[in-house]
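Numbered from 1 within each chain, the chains take letters A, B, ... in sequence-line order.
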Amino acid sequence: MKIATWNINGIKARIETLLTWLQQAAPDVVCLQEIKSLDENFPGERIEQLGYNVSLNGQKGFNGVAILSKHPLEDVRKGLPGDPSDTQARYLEATVSNGGGAIRVASIYLPNGNPVESEKYGYKLDWMDRLNQHARDLLKLEEPLVLAGDYNVIPSDLDVHDPAGWAEDALFRPETRAKFHAFANLGLTDALRACHQDANQYTFWDYQAGAWQKNNGIRIDHLMLSPQGADRLRACEIDRFTRAWESPSDHVPVWIEIAA
DNA sequence: ATGCCGGGCGAAGCCCGA
């Protein structure tokens, strides 16, 4: 089973690109971030025509996450627990059943947090604490689990073209990385790093300053697996070719192959 | 280069992203 994550930066602007990639890559499950759409305005019918079920946690104008699946989506959870006052659409979780077994899948759009001096950084850190707590609860189930999405976290120096230049950024500063490592240390496997250890495994290139042409990228889109999920991991790849397509998202898809 | 692009909203210019 092929499970992907992709921050598409607006479904309205990316629907044709998404449909092209879905037909070409043929993933079984896709976690989307930044759909920037209300549920009722999401072009679900065109995606359903390709054989996908669609589950949404949308929001007007920005944020918004989705899960697409060729298999039924069950027990859908909208929103990350722990703060009823949080109205931003950044989390969606569902169980994918493919006959043989079930996998719990989450689509995550973790807050950016810049500028660090603003309340946005505190919101990011609080959100990471809530994600950590929820992951603890999910891991207690001891089942295959894939927490996939745009984490807005650069895990290590290997994952950024210019570590020194990013040192104080909300995506890379020590406090951010410490929380991400605490999360991973609950027992979650970074699928890309389980399969590839070399540098330059980027998933995002800014639209500005020729970042793509210069390969000034960062790795911030991750698939994090429970032990039961990691046991079944067979491959993890980054579809960086989509960044060269016309009118691309600034993120590219990342996917894993899991033994059925 | 804490906004150079690009998207959304909504119909000009501002908010947002990383």
For atom [atom1] of [X] and atom [atom2] of [N], their distance in whole Å:
{"X": "A:F172", "N": "B:dT2", "atom1": "CZ", "atom2": "C1'", "answer": "18 Å"}
{"X": "A:W166", "N": "B:dT2", "atom1": "CH2", "atom2": "P", "answer": "11 Å"}
{"X": "A:I8", "N": "B:dG8", "atom1": "CD1", "atom2": "C1'", "answer": "13 Å"}
{"X": "A:F42", "N": "B:dG8", "atom1": "CZ", "atom2": "C1'", "answer": "16 Å"}
{"X": "A:Y121", "N": "B:dT2", "atom1": "OH", "atom2": "P", "answer": "18 Å"}

side-chain contact (heavy atoms from CB on, under 4.5 Å) partner of A:D221, the single match among A:I108, A:V252, A:L192, A:T203: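 Filter result, single survivor: A:T203.
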
Could you tell me how far [M] sits from [N] if I compare only their [atom1] atoms? Round to whole Å.
{"N": "B:dC4", "M": "B:dC16", "atom1": "P", "value": "16 Å"}
{"N": "B:dA1", "M": "B:dG17", "atom1": "P", "value": "23 Å"}
{"N": "B:dG3", "M": "B:dC14", "atom1": "P", "value": "14 Å"}
{"N": "B:dG10", "M": "B:dG6", "atom1": "P", "value": "23 Å"}

Position toward the 5' end of DNA chain B (nearest nucleotide), A:L110 or A:S37: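 The residue closer to the strand's 5' end, by nearest nucleotide, is A:S37.
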
A:K60 or A:F204, whichever maps to the more 5' nucleotide of DNA chain B: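 Nearest-nucleotide comparison on DNA chain B picks A:K60.
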
Least distance between heavy atoms, A:K36 atom then A:N9 atom: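 Heavy-atom minimum between the residues: NZ-OD1, 2.8 Å.
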
Side-chain donor-acceptor pair present, A:D190, A:Y151, cut-off under 3.5 Å: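 A:D190 vs A:Y151: no donor-acceptor pair found between side chains.
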
Polar contact flag, side-chain donor to acceptor under 3.5 angstrom, A:S226-A:E143: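 No, no side-chain donor-acceptor contact under 3.5 Å.
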
Members of residues 11-23 of chain A that approach DNA chain B, where some heavy atom sits under 4.0 Å away: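 Close to the strand are A:K12, A:A13, A:R14.
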
Below 4.0 Å: OP1/OP2 of B:dG7 and any side-chain N or O of A:S247: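 Answer yes for this pair, as a side-chain N or O of A:S247 is under 4.0 Å from OP1 or OP2.
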
Set out, line by line, the N/O atom pairs under 3.5 Å between protein and nucleotides 14-17 of chain B.
residue	atom	partner	partner atom	Å
B:dG17	OP2	A:K120	NZ	3.2

Ring centre gap for A:W245 and A:W21 strictly below 6.0 Å: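 Between A:W21 and A:W245, which both carry aromatic rings, the centre distance is not below 6.0 Å.
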
Row check, A:F172 ring normal vs A:R177 NZ/CZ: under 6.0 Å, within 45°: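 The answer is yes; both the distance and angle limits are met.
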
Cation-aromatic face contact A:R90/A:Y109, 6.0 Å, 45 degrees: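 Relative to the ring axis of A:Y109, which defines the angle, A:R90 lies inside both limits.
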
Donor-acceptor contact present, side-chain A:N185 to main-chain A:H181, <3.5 Å: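 Yes: the side chain of A:N185 pairs with the backbone of A:H181.
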
Interatomic distance, A:N215 atom CG to A:W205 atom CH2 [nearest 0.5 angstrom]: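 Output value for this atom pair is 6.5 Å.
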
